[in-house]
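Beneath this line is the structure, given in structure tokens, with notes to follow.
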Number of protein chains: 2
Amino acid sequence: MAPQRRSIQDQHSDDVATYVAAGGEETVQRVITAVYGVTKKLDQWYNRQFADLELSQGEWAVLAALAKAGDTCLTPSQLADLSSVAPSSMTHRLDKMTGRGIVQRRPDQSNRTRTLVSLTKEGWMLFSAAVREANVVESDTLRGLTDFERHELGRLLEIVIAGLDEVDA
Amino acid sequence: MAPQRRSIQDQHSDDVATYVAAGGEETVQRVITAVYGVTKKLDQWYNRQFADLELSQGEWAVLAALAKAGDTCLTPSQLADLSSVAPSSMTHRLDKMTGRGIVQRRPDQSNRTRTLVSLTKEGWMLFSAAVREANVVESDTLRGLTDFERHELGRLLEIVIAGLDEVDA
DNA sequence: ATCTCGAAGTTCGACTTCGAAATATTAACA
DNA sequence: TGTTAATATTTCGAAGTCGAACTTCGAGAT
């Protein structure tokens with residue numbers, strides 16, 4: 001009754017064709033469309049997985065940014081920038097996360113307009129749990145690739161990453 | 001005064017190290033983190049570029065979904081699903097886009113609970129303009145890769161895409 | 001033919017986000 | 001020292017989003 005469900009790769013080919021027909025370059029569109037196809041699926045899985053931990057995408061962004069900073073504290077403005085969100089939005093988000101006890105705020109002694117945010121021990125534990133949960137689906141995502149291919153994929157993407165700096169300027 | 005601004009690839013290495021320290025696999029994290037680094041930058045550029053066209057990310061998702069469907073009309077539910085948004089949100093979004101004249105709604109004659117949505121001529125023109133604008137930054141993004149490398153990157157990503165179907169089940 | 005169940009769309013209240021204005025502190029300069 | 005400009009954060013109103021309840025319609029069973 002329902003038309004045969006199209007496979008994701010067929011859908012992908014048609015998507016590329018649509019973009020090319022609208023004026024995009026084929027070699028570019030093939031890569032970019034594929035990148036977005038992967039992240040879209042991953043985002044859906046993250047949302048499902050993180051629901052267990054009562055963690056939204058936005059809260060995850062804050063958690064990850066603070067974890068990556070290590071011992072260095074970050075200000076709300078920096079967190080807003082790293083999370084691609086307005087500074088005013090970060091205020092309430094931090095209120096909530098502070099209330100939950102996974103981050104803590106303290107005034108900067110050397111500049112009292114500034115607030116320093118850092119992870120609590122509970123925050124670190126939550127981060128670690130989230131990474132290990134996420135690693136499951138991420139690992140599944142790459143399961144069609146050999147070790148060599150994973151290495152090659154990583155290498156190529158890192159070339160792209162390295163070029164992003166200059167494009168901005 | 002400000003500490004030397006760290007390059008994106010250095011940042012990337014440290015990010016991977018953080019995830020590995022928290023319990024992720026190195027080969028997996030290298031690839032996934034790189035994919036997200038690319039899309040994050042692209043998202044920022046899209047937002048800037050599309051501001052010219054008065055187009056939000058959400059509206060772009062609807063536009064692209066309808067364009068990919070070609071002549072086939074889509075229902076609000078399908079659009080909500082394709083755009084990863086709640087059906088109730090799609091109602092208002094379509095109201096706005098209809099008011100602007102880029103999409104049109106009409107009742108399905110064969111099933112009157114259903115509404116069919118399609119692009120207007122203005123919608124198609126807007127889609128085409130957006131694709132060509134986006135292609136500029138996308139092309140810049142890949143500028144560090146040779147033609148062969150682009151082909152290889154596309155090939156590897158398409159293997160991943162092909163595997164996504166089965167992971168879901 | 002009628003009844004019930006499920007599906008599609010919309011409406012409603014609560015929460016999140018944004019941009020602009022307000023507040024507080026620091027830095028610069030005459 | 002006093003005034004002004006700049007920076008960091010928060011508050012506030014408008015807009016977008018979500019989940020739940022509601023309405024309408026269609027399909028299948030009795």
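In what follows, chains carry the letters A, B, and so on, assigned in the order in which the sequence lines appear, proteins first and then strands, with residues in each chain numbered from 1. Just so it is clear, the values below take in all heavy atoms, side chains as well, and ignore hydrogens, waters and symmetry mates.
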(message) Protein within reach of the bases, or only the backbone? For nucleotides 16-25 of chain D, mark each nucleotide 5' to 3' as B, S or -, using heavy atoms under 4.0 Å.
(response) SSBBB---BB
Take atom [atom1] of [X] and atom [atom2] of [N], then tell me their distance rounded to the nearest Å.
X: B:R106; N: C:dG9; atom1: CZ; atom2: C1'; value: 16 Å
X: B:Q57; N: C:dC18; atom1: CD; atom2: C1'; value: 15 Å
X: A:R114; N: C:dA27; atom1: CZ; atom2: P; value: 9 Å
X: A:D95; N: C:dC15; atom1: CG; atom2: P; value: 14 Å
X: A:L79; N: D:dT10; atom1: CG; atom2: C1'; value: 15 Å
X: A:D108; N: C:dT25; atom1: CG; atom2: C1'; value: 12 Å

(request) May I ask you to say whether B:E158 pairs ionically with B:R155, meaning some side-chain N is under 4.0 Å from a carboxylate O? (result)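 Salt bridge between B:E158 and B:R155, a charged N being under 4.0 Å from a carboxylate O: no.
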(request) Could you tell me whether B:E54 and B:R100 have a side-chain N and a carboxylate O separated by less than 4.0 Å? (result)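 So B:E54 does not pair with B:R100 through a salt bridge.
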(request) Measure from the side-chain heavy atoms of A:T91 and tell me the nearest of D:dT10, D:dA8, C:dG9. (result)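 Shortest atom-to-atom distance from the side chain points to D:dT10.
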(message) Nearest 0.5 Å, please: how far is CD1 in A:I159 from CG in A:L164?
(response)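 Interatomic distance, A:L164 CG to A:I159 CD1, rounded to 0.5 Å: 12.0 Å.
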(request) Could you tell me the separation between the CD1 atom of A:I161 and the CG atom of B:D15, rounded to the nearest 0.5 Å? (result)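 Between A:I161 CD1 and B:D15 CG, I get 9.5 Å after rounding to 0.5 Å.
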(request) Look at the aromatic rings of A:W60 and A:F127 and report parallel, tilted or perpendicular, splitting at 30° and 60°. (result)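 A:W60 and A:F127: parallel rings.
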(message) Ring-plane angle category for B:Y36 and A:Y46, please: parallel below 30°, perpendicular beyond 60°, tilted otherwise.
(response)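 Plane angle between 30° and 60°, so tilted.
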